[in-house]
Amino acid sequence: MEATQTQAQRQSVHETHHEQGPGFLRQYIFSTDHKIIGLQYAVTALCFLLIGFFLMCLMSWSKAYDMAAVPVLGPLLETLLGNAAAEGKISPDLYNSFGAMHGTIMVFLAIVPMVFAAFGNYIVPLQIGAVDMAFPRINMASYQFYFLGGVVMLTSFFIPNGAAQAGWTSYSPLATVIETDGQTFWLIGMVLLITSSLLGAVNFIATIIQLRAPGMTWMRMPWFVWVQFVTAFLLLLAFPPLEVAALMQLMDKLVGTSFFLPTGMALTSGEFATAESAAASGGGSALLYQHLFWFLGHPEVYVLILPAMGIVAEVISNHARRPLWGYRTLVYSVLAVGFLSFIVWAHHMYLTGMGTFISAFFQTTTIIISIPSVVILTCLFITLWGGSIRINTPPMLFALAFLPMFGIGGLTGLPLAFNFADLHLHDTYYVIAHFHYVVAPGTIFGLMAGIYFWYPKVTGRLMNDYWGKVHFWASLLFMNIVFMPMFYQGMKGMIRRQHDGGAGYSSARNPDGIGGLDDTVMEFNTVILMGALMLGLAQIPFILNFFLSLKYGEKAASDNPWRATTLDWQTPTPPPHGNFRQPPEVVRGPYDYSLPGAKEDFVPQNQPA
Amino acid sequence: MEIPYVTQPRRDTGLYNAKVGIWLFLASEVMLFGGLFASYIMLRVGAPEGTWPTDLLDVPIGTINTVVLILSSVTVVLAWSALKLKNFKQYRRFQAVTILCAVTFIVIKSFEYREKFTHYDVVLVTGERVDGHLKERGEDEQGEEYLVLSHPVSYPAVNGIAYRPEAVREQKKSGQIDADRRIAQSEVKSIKNWSPAANTYFAIYFTMTALHALHVIAGALVIAWIWGPGASLWKTDPERYINRVEVSGLFWHFVDLVWIFLFPVLYLL
Amino acid sequence: MSGHSPEEVQLEKKRYLTVFYILLVGTVVTVAAYFVELPWQALTVLVALIIASVKGFFVAGYFMHLMDEKKLIYVVMGFTFFFFLGLLLLTIWAWADTPISSW
Amino acid sequence: MFDSISRLLGLPVNASVHGKSVDDFIIYVHLLMGALFVIWMIYFAYVLWRFNEKRHPRADHHGVQSKSSTYLEVAVVVVEAVFLIGFAIPLWAHMVDDVPETPGTNRVKVMAQQFAWHFMYPGADGEFGAQRFELVSAANPFGRDLDDPQGQDDFMTYNDLRIPLGEPTVFQVSSLDVIHSFKVIALRICQDTIPGQRVDTWCVPTQEGRYQINCAQLCGNGHSAMTQGFLTVHNREEFDTWVANKSAEAVIAAGSGDAGGFE
Ligand code: HEA
Ligand code: HEA
Ligand code: CUA
Ligand SMILES: [Cu+2]
């Protein structure tokens, strides 16, 4: 036994050397190894996360100090972006660009690539005991399309009229008639990103279906793998309609069609001034775009959250030293969420004028989809019961904080789901607060948990514990300082996407108008700005920790420092090309922690009884 | 370590990797074209009464193209069967027909596009509307611009394009179809050709068929690559080669399938 | 399909040709229906779509071997088709149930 | 107690009849959310304390056996179903299906344009005249057909919307260019404006005064500056006088071929 293992080890070392032959480019840039590709995704996505954050800071500045020059960065902005940032001020156009690009970058270039592509690429093949992804070259192409899409998106900031300005949703007709080529860049960028996601999704699903190690039956897969499986299906089937929408909007912009420009639209100036052609053919439909967009848009938000939930589940089970409670229920719940998320989309369109029946349908499905989410969260909660919880490590702190934070975000989805309440809350900061609670302290905390958790597997070193905790507590505090006031603002009726933070509607501006925004609402803008800046500072320990630990971090004591059961921890550290010393043979479920009668408090999946 | 199930099917799923991959890809393609069909229907039912044009495309040409694609689809399966029977020569012959069909399809399609782009639709100041194939365009002695349309159809401009089919029918009955028509610039109120911008019907027609044509081209390139440069694999790993042929074939049938729906929807309804 | 014996393949070849003829006939019938001018427009639409579906069924079923494919592929394509129907029908329903009118 | 919850949530003043039910509904939903959150948090805190590594060094493989979580989930489902079927759906149906249609109903056409609001009233006769898309221009945002006798007394206002107190008014909302959203916070109405289409919304104001009209949908770089629109609620006499005056002016203007637009 011993002898064969060392032999296999030698062989795998030999293979790694063999791979190194082609040199740096082949190994790190045009690699087909799922682990390298995962890391490429991770690093690129984290950079985009930072960019998205900077954009948001500038927006927050604009909201708090409307049309005041941006301190420190003002001149830089002016040189980079030209007229839109004249005198270092953020013009409404620029604010709208930043808003659209913050949303786009965060969703499509930061979070999805991070939680789905990066974690999925690195972890999924390891967890199912595969040697690589099913289609390594397609995997590489997927990253390249992503990268290209990112480049196109970023380039659009520097073209004459600046980047897209119609929100991340790019509703037509606004997106079509706005006079900037940024929208064209946006659309082309989106087509590239969609291509990337489709290739990735095909690969993930095929890998999970085909490359599970012997004994890795469906119900022995770690829940994280299930989650990625469902997520991949969401991407696979929901993205194409958005691609259709993007192509049609592109046609409207470039070729002069009017898919989304209805008859009776009467722009009195500009390129699209009269819609004569539209009139002749019956014109287009503005709402069609919204249907196509939200058909993707809603599944997309579950793409953001599900992988994060998966990470949190792994960490919680491991740190509570207990099996996930209700594994089967969890699996069925995530399948249910995936299925239902295709038929709830129009809850984003309640106020476009919906009749009783169709809105009753979408309200009902929306409420139904909240049930499996509750079930998932409940299972995670109950997992803690009877555990031996190691609270005080960075991954566990982030994972635990995820629960109430996602709870707040999810629960505030409920008033939005009932359209009678949405009537008041639609397009206010309440919505902004709702979804940021799910994506920022939710998903970002989930991915932080994942980074701290798997760092030792990837690098062989642990991240610094103390600074990890500093990072956590500061992030938790400032996230809440940033987003909690937004509920209040939204309830008061502060509308989103306003570069002056609602000042135009404030009672200070219109003292005799009833229902203007009161002073508290306006003052919160400053609080949010401060909170956001501090939140940024709070990331510095993380960034330093992340890079410095590569070199100076404490060496992990073993290949399995968290004493975990899943296969990803049963490989050498870092996993070599081909991942496993010996083809693993799975003999048990994924979470055999604290098994009565076992020697240790964990039994790896490939360890015979 | 090698990636398993590249050629041999996995026991519990009964499939090899590429086959799972292609079907997943086709699933997303279903949603892609499905989104377009859904859009088509929405635009059509949403169009105000009498403004959705019909009978603008050349049905015989469309029929020929349909037959061409169907033929190519059958040669693809026959080629694959031939390979299964280890008859490489026959495979080559069948697949050559497939590629030829693909080329034919694209050539016919591009002529059809050209035909549309040179078809002009003119609204006259008198309120009459004339459309026809552009035969000639120039300046007369007085320096006034004019154009000549062959096979013109004329009908009242009010109420959009709804009167056109009726006008065509009347003309056929009265038998005066072929007279060319000369229109001077001064008579013209507005003029445009049958490009995507002409109206929403042409917009969706060009979008769908162009996307479909891109699929045809892509599929043909893949099949041709496997047929030609990629054929050395037949010697080293025939199983895998057959799989490639099957997978590319599946894609090709899908492209055919899309056309089977595109044809009636765009040409006939 | 991967597990086919030569005899089966021979048999299938015949079947492919039969399907080919069916498809040709289908095409002819569709076009004929177009020229015949049925009493109502709705009928033309119906006929054309039914024939197209039948043709589609044959291509998918025999050329793409969906008639005897693995369960997994049925599941994937089944869900896909369901979601496509969802997109189509719900969008149309939303359009129809919206108390929107032209001015 | 309701008032204090309402204040806690930050609900703004309400000045319409259905607005009361909107507010009540929001409060009920938040009560449910609050209850769930508190229950979960108490449990969470307890678990973290009780099953901490120090207090509970050896984990229990089997964990919870009881079904209490299922009961909680079922309870959540039931409450949500009650909200949905008992309140949300019928209340929404009331908003969209019971739009008043009796002949005497007050009607106003609302036309959004980057970045202002146009309003059109049927005038003294209570009937709108004909409108045609082709006639739309900067000076005639509603495409009024001035030849239609019925439309002679229709009049338009710019950023100035007035409605009578205590009776329903129907707003026929549309847009000239992009999608905006017609929102009056205190009246709890909000309706996206879709170009080329008309959607109706309505309310019954309960309080005289001047209200800000919000544009709630991103509509371009002037979105946050689209703040000049105000809605004034008058008592019936004031409103009638105003309509009579405006209508009379309009008849004269229409005679001279002026559609009454602003730009
Ligand atoms: C990851 C992202 C994500 C997630 C998971 C959700 C989840 C939900 N969302 Fe959200 N949503 C967005 C992202 C997300 N949303 C975004 C980005 C937008 C705006 C897009 C835009 O317009 O730009 C949006 C907008 C949005 C709207 C439209 C609002 C409007 O524009 O007017 C609606 C309406 O129904 C809605 C509803 C819901 C519901 C019912 C859920 C449910 O699935 C939630 C279910 C969850 C629960 C019910 C919580 C259960 C919690 C526990 C069991 C734990 C509790 C724990 C403790 C208290 C310790 N969302
Ligand atoms: C996944 C999506 C996501 C995420 C994570 C975020 C994160 C944040 N968002 Fe964003 N946001 C959106 C999606 C997202 N947002 C969308 C879709 C919109 C709507 C756009 C529209 O209107 O169209 C929006 C709009 C939006 C607005 C409203 C603008 C408006 O309506 O006018 C605001 C306002 O404050 C805001 C704030 C924030 C803040 C403070 C964060 C913070 O949570 C940010 C936290 C991030 C950090 C602190 C950075 C951490 C960085 C690292 C850890 C980098 C490490 C790097 C290396 C190691 C290399 N967002
Ligand atoms: Cu108009 Cu926003
Ligand atoms: Cu949603």
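This structure is a prediction, so every number in the text was calculated from the model and none was measured. Numbered from 1 within each chain, the chains take letters A, B, ... in sequence-line order.
For a residue to count as touching a neighbouring chain, one of its non-hydrogen atoms must lie under 4.5 Å from one of that chain's; by this rule C/Leu66 touches chain B with the side chain only. Interface remark: B/Val59 contributes side-chain atoms only to the contact with chain C (heavy atom separation under 4.5 Å). Contact annotation for C/Thr91: both backbone and side-chain heavy atoms come within less than 4.5 Å of a heavy atom of chain B. Both the backbone and the side chain of B/Leu71 come within contact range of chain C, judged by heavy atoms closer than 4.5 Å. Using a 4.5 Å cut-off between heavy atoms, C/Phe35 contacts chain B through its side chain alone, with no backbone atom that close. Only the side chain of B/Thr66 comes within contact range of chain C, with heavy atoms under 4.5 Å apart.
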**Message:** The test is side chain to side chain contact (heavy atoms under 4.5 Å, CB included); show your working for C/His65 and B/His253 and say whether it passes.
**Reply:** CA-CA 10 Å; C/His65 302 124; B/His253 298 310; over 6 Å; no
**Item:** Derivation and outcome, side chain to side chain contact (heavy atoms under 4.5 Å, CB included), residues C/Lys55 and B/Leu257
**Value:** CA-CA 8 Å; C/Lys55 284 163 72 181; B/Leu257 193 76; over 6 Å; no
**Prompt:** Step by step, would you call C/Phe63 with B/Val76 a side chain to side chain contact (heavy atoms under 4.5 Å, CB included)?
**Reply:** CA-CA 9 Å; C/Phe63 287 176; B/Val76 165; over 6 Å; no
**Request:** Please lay out, stage by stage, how C/Lys13 and B/Val77 fare under the test side chain to side chain contact (heavy atoms under 4.5 Å, CB included).
**Result:** CA-CA 8 Å; C/Lys13 271 184 148 174; B/Val77 267; over 6 Å; no
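Looking at heavy atoms from C-beta onward, C/Val31 lies in side-chain contact with B/Phe263 at the 4.5 angstrom threshold. Between B/Phe251 and C/Met64, every side-chain heavy-atom pair lies at or beyond the 4.5 Å cut-off. Side-chain contact check for C/Gln10 versus B/Lys84: every heavy-atom pair is 4.5 Å or farther apart. Between C/Val76 and B/Trp23, every side-chain heavy-atom pair lies at or beyond the 4.5 Å cut-off.
If you take CG on B/Asp12 and CG on C/Leu72, they are separated by 9.5 Å, rounding to the nearest 0.5 Å. A distance of 4.5 Å separates CD1 of B/Ile70 from CG of C/Leu23, quoted to the nearest 0.5 Å. For the atom pair CZ (C/Phe84) and CZ (B/Phe33), the distance works out to 12.0 Å, reported to the nearest 0.5 Å. Atom CZ of C/Phe20 is separated from atom CG of B/Leu78 by 9.5 Å, given to the nearest 0.5 angstrom.
In plain terms, the two heavy atoms of C/Ala52 and B/Ile260 that are nearest each other are O-CG2, 3.6 Å. Here the closest heavy-atom approach between residue B/Met31 and residue C/Thr80 is recorded as SD-O, 3.7 Å. Residues B/Ser81 and C/Tyr16 approach most closely at OG-CE1, 3.3 Å, considering heavy atoms. Contact detail for C/Tyr34 and B/Tyr267: the closest heavy-atom pair is CE1-O, 4.3 Å.
Options B/Ser28, B/Ser73, B/Pro60, B/Pro264 differ in how many heavy-atom pairs under 4.5 Å they form with chain C, and the most are formed by B/Ser73. Contacts with chain B were tallied for C/Ala60, C/Ala48, C/Ser53; C/Ser53 has the most, counting heavy-atom pairs under 4.5 Å. Heavy-atom pairs under 4.5 Å with chain C peak, among B/Val67, B/Leu15, B/Val20, B/Val30, at B/Leu15. When B/Val74, B/Leu250, B/Leu26 are compared by the number of non-hydrogen pairs under 4.5 Å with chain C, B/Val74 comes out ahead. For the set C/Ile73, C/Val19, C/Val28, the count of heavy-atom pairs under 4.5 angstrom toward chain B peaks at C/Ile73.
No more than 12 heavy atoms of other residues, nucleotides or ligands sit less than 6.0 Å from atom CZ of C/Phe79. Remark: C/Tyr74 OH is packed, more than 12 non-hydrogen atoms of other residues, nucleotides or ligands lying under 6.0 Å away.
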